[in-house]
Asker: 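Below you'll find the structure I mean.
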Amino acid sequence: MATAAQMASLTEVLRKHSSALDKPVTEIAIFKLKEMHTDATTAEFEKNIIANTFKGTGIKRMAWGYSLSDPKTLVWMLDWVKIQDHWDFWQTPEFGPVISTITNLFIEGRPLVRHYDFRPPGMLDQEFLHIRVWDEGESNKTDEEIRATLAATDNDFGGYKAEKGAYAVDMGEMNWYCTLTGYEDEDMARAAKLTPRGETHLLQLKYYNDLNNGQWQETN
């Protein structure tokens, strides 16, 4: 488990990546559970991770849920006012139980976590959505070119309500791309036939909004 000193040293390196600074980002972390999830898993995640993260500064919204296509995958999303707020959270007392619980619940090693520059900023708000996260490599494709490629192979039967796509802003990881496609209900989401790319999951998400000054409300 990383120490506060190690995270502080990492932060000093990351602050040199000026193109990621001072703009809203959506953090998306894809975790792999050690065991199949149970009610106890959910309780531990919400008590030790979600509840402590509520106390962080610069978080506008959170969502999390298990993958319906791979029950040993959990996805956690956070809308940050700016990426520096995430780094600052690493130095708070609340970060200790968060990282400890991550170590306890999930397989060893860094999860697939990136910060995305969605336009307009922020995650979607549908309960059921498809997420795809993959490494575009050295393709240098624009957002428009990626969308055109996906549109040629995807078949969502016109059922989606909203969609977003963006590259990551992280140092050394700006070739990673994420798409979110939200649906009215689970049936429509399951009917969609999207071309798998990298980590591809159908999710059922629980959302939390920051009402004001750290007062949070579950919104679905």
Side-chain angles (χ1 to χ4, degrees), residues 2 7-31 49-50 52-65 73-92 94-95 98-99 102 110-126 129-137 139-144 146-147 162-182 197-201 203 205-214 216 219:
M7 300 308 289
S9 296
L10 175 59
T11 298
E12 290 307 307
V13 174
L14 294 175
R15 289 187 188 278
K16 298 175 183 178
H17 184 52
S18 60
S19 64
L21 305 181
D22 298 317
K23 60 183 177 183
V25 292
T26 298
E27 177 189 0
I28 299 179
I30 301 177
F31 294 99
I49 294 181
I50 296 297
N52 278 292
T53 308
F54 282 160
K55 302 170 186 176
T57 299
I59 306 169
K60 300 174 65 177
R61 199 174 190 210
M62 282 195 287
W64 79 276
T73 294
L74 183 151
V75 178
W76 183 24
M77 304 185 190
L78 303 94
D79 286 339
W80 295 93
V81 173
K82 58 185 183 298
I83 199 169
Q84 299 100 300
D85 293 323
H86 184 190
W87 304 336
D88 291 342
F89 180 68
W90 293 344
Q91 299 304 312
T92 66
E94 289 76 26
F95 182 66
V98 169
I99 195 65
I102 287 173
R110 185 187 180 213
L112 178 54
V113 55
R114 306 285 186 270
H115 299 79
Y116 298 94
D117 184 18
F118 291 121
R119 304 293 177 87
M123 65 186 77
L124 298 182
D125 58 9
Q126 284 74 38
L129 62 79
H130 284 281
I131 183 172
R132 291 178 288 190
V133 176
W134 72 94
D135 183 354
E136 263 294 310
S139 72
N140 295 316
K141 288 182 180 178
T142 65
D143 283 292
E144 291 75 15
I146 291 176
R147 302 287 187 86
E163 61 88 23
K164 285 188 173 185
Y167 277 104
V169 302
D170 305 273
M171 177 184 289
E173 297 168 340
M174 296 175 68
N175 51 326
W176 284 81
Y177 200 87
C178 174
T179 65
L180 302 175
T181 310
R197 299 293 299 269
E199 285 279 347
T200 299
H201 298 280
L203 303 175
L205 294 174
K206 181 183 294 187
Y207 290 89
Y208 303 90
N209 286 347
D210 184 7
L211 300 180
N212 189 28
N213 295 325
W216 288 83
T219 57

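In this text the structure is predicted, and so the values were computed from the model without any measurement.
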Asker: What I'd like to find out is whether the side chain of Arg61 reaches to under 4.5 Å of the side chain of Asp125, using heavy atoms alone.
Answerer: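 Yes - at least one pair of side-chain heavy atoms lies under 4.5 Å apart.
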Asker: Identify the heavy atoms of Ile59 and Trp80 that sit nearest to each other, and give their distance.
Answerer: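 Answer, listing the atom of Ile59 first, then Trp80: CG1-CZ3, 3.3 Å.
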Asker: Run the side-chain hydrogen bond (donor to acceptor under 3.5 Å, both in side chains) test against Asp79 and tell me which residues pass, sequence neighbours left out.
Answerer: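 side-chain hydrogen bond (donor to acceptor under 3.5 Å, both in side chains) check on Asp79 returns Thr26.
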Asker: On a heavy-atom basis, which atom in Lys164 and which in Pro120 lie closest, and how many Å separate them?
Answerer: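 Looks like NZ-O, 2.7 Å.
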Asker: Salt bridge (charged side-chain N to carboxylate O under 4.0 Å, His left out) with Glu199: which residues, sequence neighbours excluded?
Answerer: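 Checked Glu199 against salt bridge (charged side-chain N to carboxylate O under 4.0 Å, His left out); matches are Lys32.
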Asker: Do the non-hydrogen side-chain atoms of Trp90 and Leu10 ever get within less than 4.5 Å of each other?
Answerer: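 A side-chain contact under 4.5 Å exists here.
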Asker: State which residues pass side-chain hydrogen bond (donor to acceptor under 3.5 Å, both in side chains) with His115; sequence neighbours excluded, sorted by chain then number.
Answerer: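 Residues passing side-chain hydrogen bond (donor to acceptor under 3.5 Å, both in side chains) with His115: His86, Asp170.
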Asker: Go through the structure and list residues passing ring pair (Phe, Tyr, Trp, His ring centres under 6.0 Å) with His201, not counting sequence neighbours.
Answerer: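 Counting only residues at least two positions away or on another chain, His201 forms no ring pair (Phe, Tyr, Trp, His ring centres under 6.0 Å).
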Asker: For Tyr208, enumerate each residue passing the ring pair (Phe, Tyr, Trp, His ring centres under 6.0 Å) test, keeping only those at least two apart in sequence or located in another chain.
Answerer: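 Tyr208: ring pair (Phe, Tyr, Trp, His ring centres under 6.0 Å) contacts with Phe54.
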Asker: Rounded to the nearest 0.5 Å, what separation is found between the OG1 atom of Thr11 and the CZ atom of Phe89?
Answerer: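 One finds 12.5 Å between OG1 of Thr11 and CZ of Phe89.
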Asker: For the residue pair Trp176 and Ile28, establish whether any side-chain heavy-atom pair is separated by less than 4.5 Å.
Answerer: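 Side-chain contact under 4.5 Å: no.
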Asker: Can you list the residues that meet the ring pair (Phe, Tyr, Trp, His ring centres under 6.0 Å) rule with Trp134, with sequence neighbours excluded?
Answerer: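 Partners of Trp134 by the ring pair (Phe, Tyr, Trp, His ring centres under 6.0 Å) criterion, ordered by chain and then number, come out as Tyr177.
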Asker: Testing the basics here: between Val133 and Ile30, what is the closest heavy-atom pair and its distance to 0.1 Å?
Answerer: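 The pair with the smallest heavy-atom distance is CG2-CD1, 4.0 Å.
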Asker: Give, for atom CD1 of Ile131 and atom CZ of Arg197, the distance between the pair rounded to the nearest 0.5 Å.
Answerer: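 One gets 14.0 Å once the value is rounded to the nearest 0.5 Å.
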Asker: Does the side chain of Val98 come within less than 4.5 Å of Thr53's, by heavy atoms?
Answerer: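 A side-chain contact exists here, since the closest heavy-atom pair is under 4.5 Å.
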Asker: Under the side-chain contact (heavy atoms from CB on, under 4.5 Å) test, which residues partner Ala8, sequence neighbours left out?
Answerer: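 Once residues adjacent in sequence are excluded, the partners of Ala8 under the side-chain contact (heavy atoms from CB on, under 4.5 Å) criterion are Gln91.
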Asker: For Arg114, give me all partners under side-chain hydrogen bond (donor to acceptor under 3.5 Å, both in side chains), at least two apart in sequence or on another chain.
Answerer: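 So Arg114 forms no side-chain hydrogen bond (donor to acceptor under 3.5 Å, both in side chains) with any residue.
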Asker: What heavy-atom pair brings Val75 and Leu205 nearest, and what distance separates the two atoms?
Answerer: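 Answer, listing the atom of Val75 first, then Leu205: O-CD2, 4.5 Å.
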Asker: Of all heavy-atom pairs between Ala168 and Tyr116, which one has the smallest distance, and what is that distance?
Answerer: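 Answer, listing the atom of Ala168 first, then Tyr116: N-CD2, 3.6 Å.
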Asker: Tyr167 side chain to Glu173 main-chain N or O, any donor-acceptor pair under 3.5 Å?
Answerer: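 No, Tyr167 side chain to Glu173 backbone: no donor-acceptor pair under 3.5 Å.
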Asker: Under the rule for salt bridge (charged side-chain N to carboxylate O under 4.0 Å, His left out), what residues qualify as partners of Lys60, not counting sequence neighbours?
Answerer: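 Checked Lys60 against salt bridge (charged side-chain N to carboxylate O under 4.0 Å, His left out); zero matches.
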Asker: CG of Asn209 to OG1 of Thr219: how many Å apart, nearest 0.5 Å?
Answerer: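 Answer for the CG-OG1 pair, Asn209 versus Thr219, is 4.5 Å.
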Asker: Rounded to the nearest 0.5 Å, how far apart are CD of Glu27 and CE of Met62?
Answerer: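 Result: 10.5 Å between the selected atoms.
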Asker: Lys23 side chain to Pro121 main-chain N or O, any donor-acceptor pair under 3.5 Å?
Answerer: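 Side chain of Lys23 to backbone of Pro121, a donor-acceptor pair under 3.5 Å: no, none is there.
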Asker: Do Leu180 and Met77 come within less than 4.5 Å of each other through their side chains, counting heavy atoms only?
Answerer: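 When only atoms from C-beta onward are counted, Met77 and Leu180 do touch, with a gap below 4.5 Å.
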Asker: Start with the C-alpha gap between Glu163 and Thr179, add the side-chain angles, then the distance that decides, and say whether side chain to side chain contact (heavy atoms under 4.5 Å, CB included) holds.
Answerer: CA-CA 7 Å; Glu163 61 88 23; Thr179 65; 5.9 Å; no
Asker: Find the distance between CG (Asp85) and OG1 (Thr57) and round it off to the nearest 0.5 Å.
Answerer: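 Here the rounded value is 7.0 Å.
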Asker: Determine the minimum heavy-atom distance between Phe118 and Ala166, stating which atoms define it.
Answerer: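 So the two residues come closest at CD2-CB, 3.5 Å.
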Asker: Residues in side-chain contact (heavy atoms from CB on, under 4.5 Å) with Asp22, at least two apart?
Answerer: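 So Asp22 forms a side-chain contact (heavy atoms from CB on, under 4.5 Å) with Lys82, Gln84.
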Asker: Apply side-chain hydrogen bond (donor to acceptor under 3.5 Å, both in side chains) to Ser139 and list each qualifying residue two or more places apart in sequence or on a separate chain.
Answerer: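 Partners of Ser139 under the side-chain hydrogen bond (donor to acceptor under 3.5 Å, both in side chains) test: Glu136.
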Asker: Compare all side-chain heavy atoms of Trp76 with those of Ile49 and state whether any distance is below 4.5 angstrom.
Answerer: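 Side chain of Trp76 against side chain of Ile49, heavy atoms only: contact under 4.5 Å found.
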Asker: Ignoring hydrogens and angles, write down the donor-acceptor pairs under 3.5 Å from the side chains of residues 12-21, residues two or more places apart or on other chains.
Answerer:
residue: Arg15; atom: NH2; partner: Asp88; partner atom: OD1; Å: 3.0
residue: His17; atom: NE2; partner: Val169; partner atom: O; Å: 2.8

